[in-house]
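This one's a predicted model, so the numbers in the text were calculated from it and none came from an experiment. The first residue of the sequence shown is numbered 1, and numbering continues consecutively from there.
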Amino acid sequence: MLASAKATLVNLIPPAMVAVFLLFWAYGPKALLANPWTLVVCSSLVTIIVLGLEFVFERHEGWRLNKREFFTDLYYVVLSSTVIAWMTQTFAEAPLQAVKTSLGIHTPWVGHLPWLVQVVMAVSIIEFGQYWMHRLMHNVTPFWLTHAPHHHITQLNAAKGAVGNPIELFLITLSVLTFFEFDQTALFACFNTTAVISTFAHANVKSNPPIWYSFFFTTIRHHSLHHSTDYESTRCNYGNSMILFDRIFGTFKEGESVLVGQDERRRLSIWEQTIFPFQPLIARYKAGRAASAQVANEAGGAAAA
């Protein structure tokens with residue numbers, strides 16, 4: 001009975017963390033809520049807490065974090081919060097804001113909606129876009145080449161959601177939130193909420209949230225199936241944080257996978273992940289050079305004869 005109660009409490013950790021951060025953004029000190037660095041601290045805190053839970057409530061021994069995995073994940077977390085964040089602001093958010101201004105688009109009514117409604121709306125807008133971008137990446141070759149490195153990871157951990165090719169990391173951040181004038185704390189709560197959900201969805205934590213949670217939100221069970229070695233199983237459960245869209249659009253699949261990865265589960269290095277989308281061009285270039293060298297050699301041999 002004690003073991004059952006403990007399991008129940010562990011299963012409630014993800015929804016409890018979502019609730020705690022929502023309460024913070026709804027009722028926290030205004031000075032903290034207005035500071036953008038508070039979001040950075042909260043997001044970092046989520047990753048640190050879940051990493052700690054991996055050691056206490058390990059789901060699979062084969063996913064146990066080691067030094068190499070930790071520093072690789074850390075590299076991508078820093079990359080996402082610096083270079084990718086700058087790219088998103090410069091090449092997506094700023095141009096969209098300029099378009100909004102030039103077209104005279106104003107949505108002040110959004111900021112007057114109940115605060116929690118704004119959070120739900122912001123999460124839904126982001127996740128709707130991410131669902132279709134993710135689905136596109138699995139069905140169109142050029143986009144798949146940017147996303148495939150994320151599927152070459154051979155274990156799941158708290159920060160694995162940040163691991164991937166830089167082009168994919170940029171594409172997955174795109175959204176139309178700029179067109180809506182949300183309350184800033186509602187936006188921060190949205191970002192923090194999706195961070196909690198997606199972090200647990202990639203984490204090696206033995207937590208199976210209640211059905212009311214997993215009906216709407218992505219869990220490690222469903223997302224591990226998406227990362228499985230079986231190609232067909234990867235074409236399901238696209239939701240980053242909201243599995244609800246998979247249920248609506250017919251791509252939801254029940255199940256779980258312990259073995260994750262692609263191509264005989266060979267782990268890619270950071271450099272291999274970075275150049276992965278360009279491999280077909282590199283291969284074509286090498287083939288062209290080899291063919292030219294062969295023609296030159298044959299010509300040289302004929303001349304000598």
Side-chain angles (χ1 to χ4, degrees), residues 13-47 49-50 77 80-81 84-85 87-89 92-94 96-97 100 105-134 158-159 161-162 169-203 209 212-219 223 238-246 248:
I13 291 176
M17 278 188 64
V18 169
V20 167
F21 281 104
L22 282 176
L23 287 171
F24 170 75
W25 289 109
Y27 302 107
K30 290 186 177 180
L32 278 179
L33 301 183
N35 191 333
W37 280 102
T38 303
L39 178 61
V40 176
V41 172
C42 286
S43 299
S44 302
L45 193 59
V46 169
T47 304
I49 290 172
V50 179
V77 169
S80 295
S81 60
I84 304 302
M87 289 175 61
T88 302
Q89 178 60 37
E93 299 298 325
L96 282 178
Q97 185 62 52
K100 178 184 176 183
I105 298 174
H106 299 288
T107 56
W109 56 272
V110 175
H112 296 297
L113 293 171
W115 185 83
L116 190 58
V117 172
Q118 291 186 56
V119 176
V120 172
M121 184 177 172
V123 170
S124 300
I125 290 171
I126 289 177
E127 287 300 311
F128 183 79
Q130 289 205 345
Y131 169 84
W132 285 106
M133 176 61 76
H134 194 177
L169 298 179
F170 167 72
L171 291 175
I172 210 70
T173 66
L174 302 180
S175 77
V176 294
L177 276 184
T178 301
F179 288 111
F180 300 91
E181 295 165 27
F182 288 101
D183 177 88
Q184 181 175 274
T185 59
L187 276 181
F188 286 174
C190 158
F191 299 147
N192 216 170
T193 298
T194 54
V196 171
I197 298 168
S198 61
T199 299
F200 273 108
H202 285 89
W212 56 264
Y213 178 95
S214 59
F215 182 84
F216 293 98
F217 304 121
T218 304
T219 65
H223 201 64
Y238 295 112
N240 182 50
S241 294
M242 287 188 68
I243 201 75
L244 178 64
F245 287 122
D246 286 283
I248 293 173

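Inspection of the Gln118 and Asp183 side chains reveals no N or O donor paired with an N or O acceptor under 3.5 Å. For the residue pair Gln97 and Thr178, no side-chain donor N or O sits within less than 3.5 Å of a side-chain acceptor on the partner.
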Walk me through it: do Phe188 and Cys42 pass the test side-chain contact (heavy atoms from CB on, under 4.5 Å)? CA-CA 10 Å; Phe188 286 174; Cys42 286; over 6 Å; no
Hey, mind stepping through Val123 and Met242 against side-chain contact (heavy atoms from CB on, under 4.5 Å) and telling me if it holds? CA-CA 9 Å; Val123 170; Met242 287 188 68; 3.8 Å; yes
Would you please test Phe245 and Gln130 for side-chain contact (heavy atoms from CB on, under 4.5 Å) and show each step? CA-CA 10 Å; Phe245 287 122; Gln130 289 205 345; over 6 Å; no
Under the side-chain contact (heavy atoms from CB on, under 4.5 Å) rule, what do Thr219 and Phe200 come out as? Steps first, then yes or no, please. CA-CA 7 Å; Thr219 65; Phe200 273 108; over 6 Å; no
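Taking each heavy atom of Leu169 and Thr173 in turn, the nearest pair found is O-CG2, 3.0 Å. Closest approach of Ile126 and Phe191 over heavy atoms only: CD1-CE2, 3.6 Å. Here the shortest heavy-atom pairing between Ala158 and Thr199 reads O-CG2, 3.4 Å. Contact detail for Leu22 and Ala189: the closest heavy-atom pair is CD2-CB, 4.2 Å. In plain terms, the two heavy atoms of Pro209 and Ser214 that are nearest each other are O-OG, 4.2 Å. Taking both residues in full, the closest heavy atoms of Leu171 and Met133 are given as O-CE, 3.8 Å, listed atom of the first, atom of the second, then distance.
Taking a 6.0 Å sphere around CH2 of Trp212, one finds it holds more than 12 heavy atoms contributed by other residues, nucleotides or ligands.
The aromatic rings of Trp132 and Phe128 stand perpendicular to each other, their planes meeting at an angle above 60°, with 30° marking the opposite boundary. Taking the six-membered ring where the residue is Trp, His202 and His223 present perpendicular rings, their angle passing 60° and hence far from 30°.
The CG atom of Asp246 sits 7.0 Å away from the OG1 atom of Thr218 when rounded to the nearest 0.5 Å. Between atom OG1 of residue Thr185 and atom OH of residue Tyr27 there is a gap of 11.5 Å, rounded to the nearest 0.5 Å. The distance from the CZ atom of Phe182 to the CH2 atom of Trp115 is 12.5 Å, given to the nearest 0.5 Å. Rounding to the nearest 0.5 Å places OG of Ser175 at 10.5 Å from CD of Glu127. How far CG of Leu177 is from SG of Cys190: 6.0 Å, rounded to the nearest 0.5 Å. Leu39 CG to Leu33 CG: the interatomic distance, rounded to the nearest 0.5 Å, is 11.0 Å.
A donor-acceptor contact shorter than 3.5 Å is absent between the side chain of Thr193 and the backbone of Phe21. Side-chain atoms of Thr194 never come within 3.5 Å of backbone atoms of Ser241 as a donor-acceptor pair (strictly under, hydrogens ignored). Remark: the backbone N or O of Val77 is not paired with any side-chain donor or acceptor of Ser80 at under 3.5 angstrom. Side chain of Thr38 to main chain of Leu32: a donor-acceptor pair is present (N/O by atom type, distance under 3.5 Å, no hydrogens or angles).
Partners of Pro108 under the side-chain contact (heavy atoms from CB on, under 4.5 Å) rule, at least two apart in sequence or in another chain, are His106, Glu181.
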